[in-house]
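Computed from a predicted structure; not experimentally measured. Chain identifiers are assigned alphabetically (A, B, ...) following the order of the sequence lines, protein sequences preceding nucleic acid strands; residue numbering begins at 1 within each chain.
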Amino acid sequence: MRGDSGLRISHVGLRGIVGRGLTAGHILDFAAAFGTFIEPGRAVVVGRDPRASGRMAWEGVVSALMACGHEVIDLGVVSTPVVQHALQRLDAAGGIAISASHNPAEWNALRFLGPRGTYLSTAEAGELLDIYHLRKFRFREWNQLGALRFDEGALDRYIDDLAAVFDMPGLRGFRVVVDCCNGTSALILRRVIERYGLDLVLINERVEGVQFAHEPTTSARMVELQLGPLIKPLNACAGFLFDVDSDRVAMADEQGRGVSEEMMLPLLADDQLSRGPGKIVITNMSSSMLLEDVAARRGGRVLRVPVGRQAAMDALAAYRPEQIAVAGEGTGAVMMPQFRFIYDGIASMLAVLTMMRERGRTLGELLSDYPKYAILKGEVRLESPRVPALLLDLLAAYPDGRIDRTDGLRVLWPERWFHVRVSQTEPIIRVICEQRGEPPQELFEALMDKARSYS
Amino acid sequence: MPREHLLKISVSGVRGVVGEFLTPSLALHFAQAFGTYVGRGRVVVGRDTRTSGPMLQHAVNCGLLAAGCDVVDVGILPTPTIQIYVEHIHARGGIGLTASHNPMEYNALKLFNKEGQFFNHYERNELIDLYHQSDFTQATNAEIGRVTRDEGTAKAVHLVRVLAKVDVERIRRRRFRVALDAVNGAGSVMTPGFLTDSLRCRLDAISIDPTQIFPRVAEPRPDTLGDLAALVLKTGAEVGFAQDPDADRLAIVDEMGRVLDNDDVLALAVLRALAVVPGDVVVNLTTSSAVDDIALGFGRRVYRTPVGEANVVETMQAVGAAIGGEGSAGGVIFPAVQLCRDSFTAMAFLLDLMAETGKTVSQLVADLPQYVRKSGRVAFEHGRLGGLMQALEEGFPEAEADRTDGLKLLWTDRWLHVRASNTEPLLRLAVEAKTEAAADKLYRTAWGLLTS
């Protein structure tokens, strides 16, 4: 049955449950496809998260890249953002981050990065996929193989980059509790503490390969569960929870209340729009309409694209960097122009703390400035051939809203909207609806019933 | 036209030209099949100095980890050292990345069982079936093992075993002047220390840089050892040693700069070994009768096997032999150290023999039973092999025929052996007799029958 093994080979790359769907053979071949795809003879930067399977995958990736004649610059166990920053500094043709990010420990994935550390565009990812499927790899002869070298200072240089944008010493006054979920954020933040003396209290700090303290999901519920009880006793001003890869983050306020992951993007959009010069907020069709309110208040505008990193990258490519204020998702993943648009939870955390300092307000106070929206999310297992009929049915049922069909179906009314789409990673239909004020319970139930009737 | 085998997946493992033939994917899948076969536990992985070694080792590590094994990475080491270490640490098995005497562009996966020996016939067939079925153990995240680096220990374990079988003090006292050509292979990391520190030889060495490519044809043969012979003469060395890239085989140059016949190298080792440990001798069909004469002197028997190290090793194990090897291909197998070809044992034996007797290498060779050998290769067309063999047998009706590997015809004072190459449509013809004239006559008659 589809989805059981979790193996997914797509434009996003390769991911799955190691040993069940995702095998060493897949990993090596996909890395060989990347080694064939990128500019010949140039280095490739490689990093991995602490999963035990990461070492296995790393061996295969290194072998394939060497075989394709690329020097491999290994960063060791680091977050994907660290790999992306290193790519901006090193002369390399691209990078591979071995990380299943927010997925459970059994998973792993390869994420492919371009020479500047950006994710691949749709066209590039498509070509990579074609090479993988053809399996005609450009393996070099014995005297043209690549070498492997270790790059020691990647972590510190990444922190240098962060310190160039954020006033690190200025954040010393904030006591913050951080759940590292046994992932790479622990290495970064421990170093940040050493270098700048920030008052960060780290939990689940031990970097682990097999057993994470909890699922690395960056949701409001998880952060409230993990950090809620600690924040007040420790007299902390906020709590942050990272996934294993620290590209995503969830937060809790000074009361220990989990903050909806939907709030990260509006918060940082507010911050970035008020700093300028960028005026465009790029997001997808499933994120909160609060963004439109924030953008209107700050003289910006929101550009909504289909869900998925690919569409966001393609949209980013269509503008000059200085035109863009921020880009991101309702999942809490945010990209800032200062860091050339990479999802980075650590940067998001520092941005929020900086906002608190500059505006002199607690996190709870900052969030209370915005109109209240209630968002409901659900999913229904559905065979993909039935999706078009469902969408047509919904289209007929809600004729009065503004229709957008670029990614499934999005129907927008002045103070509420819904979005029904097929997941890119699982055989399910996602239903999201949001309303200003009270939760749109009735609309949500109606949509879910309709979707279930097709399953 | 000779068919060139740029990739060969066979019972002896995977060997091929690196690039589009021997790919990392192939190495990975073969290693994963190996890991599936030997089961979860430690697997020792080492390699010779080929440029493709690191690339292939990462693929092998990947396959072993994916099969749930732990990898003990011993880096660049001689093949016998890797084999000994597998047994020493009670690992599940081992993989050596080396194409032995093949040129630089080749590489191969050599597979060792938990005794540190080459896979036997049955193990090899099972593994190859497993490989073709692609039914591998797929370890989950929680089941994936670790890679540990282990440098140094294996060298010491190997050398201790070798030195236990010779009179070290006797060798040390002589302060032998020795020349070495390690072909920039795996011997580079171990042989200089062995000769100077362990055996106190005065060493002059060439090609002991493991970061450089092979400066000569990898196979140590008379025609490839000119530099070593020159070094021997220039430095006045009493002996010259030449290893192949994975240091399992040894060639010897005497004090006059002459490269010894492989059969003489083996005969000298047999002479030493039978004096040290009890047991019989196992050699292949093409090995000189000199070993029979030597064995007779010790009241020992000689077993003959088809050509190929694995065949010799299997019989040695079955009969509990004291020593064995292949005169034709070179290589001394001394089970008291390890049941595999080992250039270090061969070096130690020769130096011990020199120390004991006070004789030069050329004198030691002159003392061996004297035979004259001739060999050559005949191309044949497919479909003609059977007829050629039959013609040969009918041409010598008085000889005793042995058909275990090609055709060997034996008389009391001479023999001839013809076998087809495994890799090319070529017949290898070897003859041996007591005198030059007899050898020449036998060779020419056989050649005539094979080419008529």
- Item | Nearest atoms (heavy-atom pairs only) where B/Cys62 meets A/Ala24 |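 Closest approach of B/Cys62 to A/Ala24: SG-CB, 3.7 Å.
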
- Task: Check A/Ala67 against B/Pro24 and note the closest heavy-atom contact, atom names and distance.
- Result: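 Closest approach of A/Ala67 to B/Pro24: CB-CG, 3.5 Å.
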
- Flag if over 12 foreign heavy atoms under 6.0 Å of CG, B/Asp73: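 Atom CG in B/Asp73 is crowded, with more than 12 foreign heavy atoms closer than 6.0 Å.
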
- Message: Around atom CZ of B/Arg146, are there more than 12 heavy atoms from other residues, nucleotides or ligands closer than 6.0 Å?
- Response: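 No, not enclosed.
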
In terms of heavy-atom proximity below 4.5 Å to chain A, should [X] be classed as side chain, backbone, both, or neither?
X	result
B/Ala59	both
B/Glu105	both
B/Ile213	side chain

Find the distance between [atom1] ([X]) and [atom2] ([Y]) and round it off to the nearest 0.5 Å.
X	Y	atom1	atom2	result
B/Leu22	A/Phe139	CG	CZ	10.5 Å
B/Asn141	A/Gln211	CG	CD	10.0 Å
B/Ser25	A/Leu28	OG	CG	5.0 Å
A/Met56	B/Asn61	CE	CG	12.0 Å
B/Ile144	A/Asn108	CD1	CG	8.5 Å
A/Trp58	B/His58	CH2	NE2	5.0 Å

- Message: Using the salt bridge (charged side-chain N to carboxylate O under 4.0 Å, His left out) criterion, which residues pair with A/Arg140? Sequence neighbours excluded.
- Response: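 Scan of A/Arg140 (salt bridge (charged side-chain N to carboxylate O under 4.0 Å, His left out), adjacent residues dropped) gives none.
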
- Item | Interface moiety of A/Ile27 toward chain B, non-hydrogen atoms closer than 4.5 Å |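 Contact with chain B is absent: no heavy atom of A/Ile27 under 4.5 Å.
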
- Message: For the backbone of A/Trp142 and the side chain of B/Ser52, can you confirm whether one donor and one acceptor N or O come within less than 3.5 Å of each other?
- Response: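 No, B/Ser52 side chain to A/Trp142 backbone: no donor-acceptor pair under 3.5 Å.
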
- Message: What I'd like to find out is whether the side chain of A/Glu59 reaches to under 4.5 Å of the side chain of B/Val147, using heavy atoms alone.
- Response: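 Yes - at least one pair of side-chain heavy atoms lies under 4.5 Å apart.
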
- Best-contacting candidate, B/Glu20, B/Met104, B/Gln57, against chain A by heavy atom pairs under 4.5 angstrom: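 Top option by heavy-atom pairs under 4.5 Å: B/Met104.
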
